[in-house]
Asker: 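Once you've had a glance at the structure underneath, I'll fire off some questions.
What's counted below: heavy atoms across the whole structure, side chains too, no hydrogens, waters or symmetry copies. Note that this is a predicted model, so its numbers are computed, not measured. Every chain is numbered from 1 and lettered A, B, ... according to where its sequence line falls, protein lines coming before strand lines.
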2 protein chains.
Amino acid sequence: MSITSDILRGHTEAIILSHLLETDSYGYQINKDIMKKTDNRCELKEATLYSAFRRLEQAGYIRTYWGDETVGARRRYYSITEEGRRAYQVYRQEWEEAKAAIDQLLK
Amino acid sequence: MSITSDILRGHTEAIILSHLLETDSYGYQINKDIMKKTDNRCELKEATLYSAFRRLEQAGYIRTYWGDETVGARRRYYSITEEGRRAYQVYRQEWEEAKAAIDQLLK
DNA sequence: CAATATACATCGCCTGTCAAGGTATATTTT
DNA sequence: AAAATATACCTTGACAGGCGATGTATATTG
């Protein structure tokens, strides 16, 4: 069973930031990695992913640059900023609290 | 810090069903109880709550009846159905899976 | 007697998701 | 060589859930 978008909603940005904490990456790859990490249970649809990138960039949480691929399709890489790292910590904290609260409510 | 509605989204119906598993209740009370259970960290706004009630009723997960208050404002009570109990179990299962997946992604 | 609490309900906006569509390059299959 | 698939990017418009604002009515409290 895969996780509904309504449940994932609100975590999209944190998920992306978390991934960029490890290494710079690009859309297609991030998408694949997220699916792999969760045995295909989580999938961020492309449109969702790209609109999240826009928001994150607008917020100053990520920066973007074009890769220097000589073969294959061009890649737009994303890298997390200092502000992004701080924002991630807040997301993490929020997740811990939300988890506890929902656990409490669904007991 | 209170939990954002985007994180709560997708759990609203499960939270309500969970509450009705304990006892029949009415909107205002359910709202208060949810806040109390989570030290005011989760609040379902009235409009959110009532629209969730509509969906749950439509889905056949809850039934509704008017209380027989002789004093005070009238109360519309909600009670969970057998189908609702089954739906709740599915929500619970989904929550466990989502929790694991998000934990994995935010590691 | 004004304010606050209890209790229900609706309207319309906002925001994140995503189906559908598009572009371009490289590889694999038929 | 042509078709199919995979890699990689992006946009548009519709949809659904949350919720601010607003309205109704009754009871209590200062």
Side-chain angles (χ1 to χ4, degrees), chain A residues 2-17 19 24-36 42-59 61-62 64-78 91 94 98 102 105, chain B residues 2-17 19 24-36 41-59 61-62 64-78 91 94 98 102:
Chain A
S2 67
I3 287 139
T4 68
S5 56
D6 267 346
I7 288 181
L8 240 30
R9 191 184 183 119
H11 300 292
T12 317
E13 299 174 19
I15 289 168
I16 293 171
L17 289 181
H19 196 82
D24 286 11
S25 191
Y26 55 99
Y28 198 83
Q29 185 64 46
I30 291 173
N31 218 10
K32 289 267 175 287
D33 285 346
I34 288 169
M35 281 195 278
K36 197 176 171 195
C42 290
E43 188 196 359
L44 299 182
K45 297 296 157 53
E46 282 193 44
T48 304
L49 197 64
Y50 287 113
S51 68
F53 284 146
R54 298 292 155 265
R55 289 196 302 275
L56 287 166
E57 197 178 356
Q58 196 112 45
Y61 296 164
I62 60 173
T64 161
Y65 58 93
W66 286 101
D68 57 352
E69 283 70 44
T70 47
V71 294
R74 77 224 155 115
R75 294 171 180 171
R76 183 194 277 279
Y77 281 85
Y78 297 96
Y91 280 130
E94 277 176 2
I102 296 168
L105 291 172
Chain B
S2 67
I3 287 139
T4 67
S5 55
D6 268 345
I7 288 182
L8 240 30
R9 190 187 180 117
H11 299 293
T12 318
E13 299 174 19
I15 290 168
I16 294 170
L17 288 181
H19 196 82
D24 286 12
S25 192
Y26 56 97
Y28 198 84
Q29 184 64 46
I30 291 173
N31 217 10
K32 290 268 172 287
D33 285 346
I34 288 169
M35 281 195 278
K36 196 175 172 195
R41 274 193 285 271
C42 290
E43 188 196 0
L44 299 183
K45 298 295 156 55
E46 283 193 44
T48 303
L49 196 65
Y50 287 113
S51 68
F53 284 145
R54 297 291 155 265
R55 290 196 300 276
L56 287 166
E57 197 179 354
Q58 196 112 46
Y61 296 165
I62 59 174
T64 163
Y65 57 94
W66 286 100
D68 57 353
E69 283 70 45
T70 45
V71 293
R74 75 224 156 117
R75 296 169 177 171
R76 183 194 278 280
Y77 281 85
Y78 297 96
Y91 280 131
E94 277 175 3
I102 296 169

Asker: One pair to check against side-chain contact (heavy atoms from CB on, under 4.5 Å): A:Arg75 and A:Tyr28. What are the steps and the verdict?
Answerer: CA-CA 9 Å; A:Arg75 294 171 180 171; A:Tyr28 198 83; over 6 Å; no
Asker: Report yes if at least one side-chain N or O of B:Tyr26 is closer than 4.0 Å to OP1 or OP2 of C:dC8; otherwise report no.
Answerer: no
Asker: From CZ of A:Arg54 over to C1' of D:dC10, roughly how many Å is that when rounded to an integer?
Answerer: 8 Å
Asker: Which whole-number value in Å describes the distance from A:Lys32 NZ to D:dT5 P?
Answerer: 15 Å
Asker: Send over the distance from B:Glu69 CD to C:dC8 P, rounded to a whole Å.
Answerer: 9 Å
Asker: State the OG-CD distance between B:Ser2 and A:Glu94, to the nearest 0.5 angstrom.
Answerer: 8.5 Å
Asker: Find the distance A:Ile30:CD1 to D:dC10:P and express it as a whole number of Å.
Answerer: 11 Å
Asker: Measure the distance from CG on A:Asn31 to P on D:dC10 and round it to the nearest whole Å.
Answerer: 13 Å
Asker: Let me have the donor-acceptor pairs involving side chains of residues 49-57 of chain A, under 3.5 Å, with sequence neighbours excluded, atom names and distances please.
Answerer:
{"unit_1": "A:Ser51", "atom_1": "OG", "unit_2": "A:Ala47", "atom_2": "O", "d": "3.3"}
{"unit_1": "A:Ser51", "atom_1": "OG", "unit_2": "A:Thr48", "atom_2": "O", "d": "3.1"}
{"unit_1": "A:Arg55", "atom_1": "NE", "unit_2": "A:Glu13", "atom_2": "OE2", "d": "2.5"}
{"unit_1": "A:Arg55", "atom_1": "NH2", "unit_2": "A:Glu13", "atom_2": "OE2", "d": "3.1"}

Asker: Just the rounded figure in Å: distance from C1' of C:dG16 to CG of A:Leu56.
Answerer: 13 Å
Asker: Find the distance A:Asp33:CG to D:dT7:P and express it as a whole number of Å.
Answerer: 12 Å
Asker: Within the structure provided, determine whether B:Ile62 and B:Leu17 are in side-chain contact (heavy-atom separation under 4.5 Å).
Answerer: yes
Asker: Which pairs, with at least one residue in residues 3-12 of chain A and sequence neighbours excluded, count as a side-chain hydrogen bond (donor to acceptor under 3.5 Å, both in side chains)?
Answerer: A:Asp6-B:Arg9, A:Arg9-B:Asp6
Asker: Atom OH of A:Tyr50 to atom P of C:dA20: distance rounded to whole Å?
Answerer: 19 Å
Asker: Please encode protein proximity along nucleotides 17-26 of chain D as a string of B, S and -, counting only heavy-atom distances under 4.0 Å.
Answerer: BSBB------
Asker: As an exercise, state the distance from CE of B:Met35 to CG of B:Asp33, rounded to the nearest 0.5 Å.
Answerer: 9.5 Å
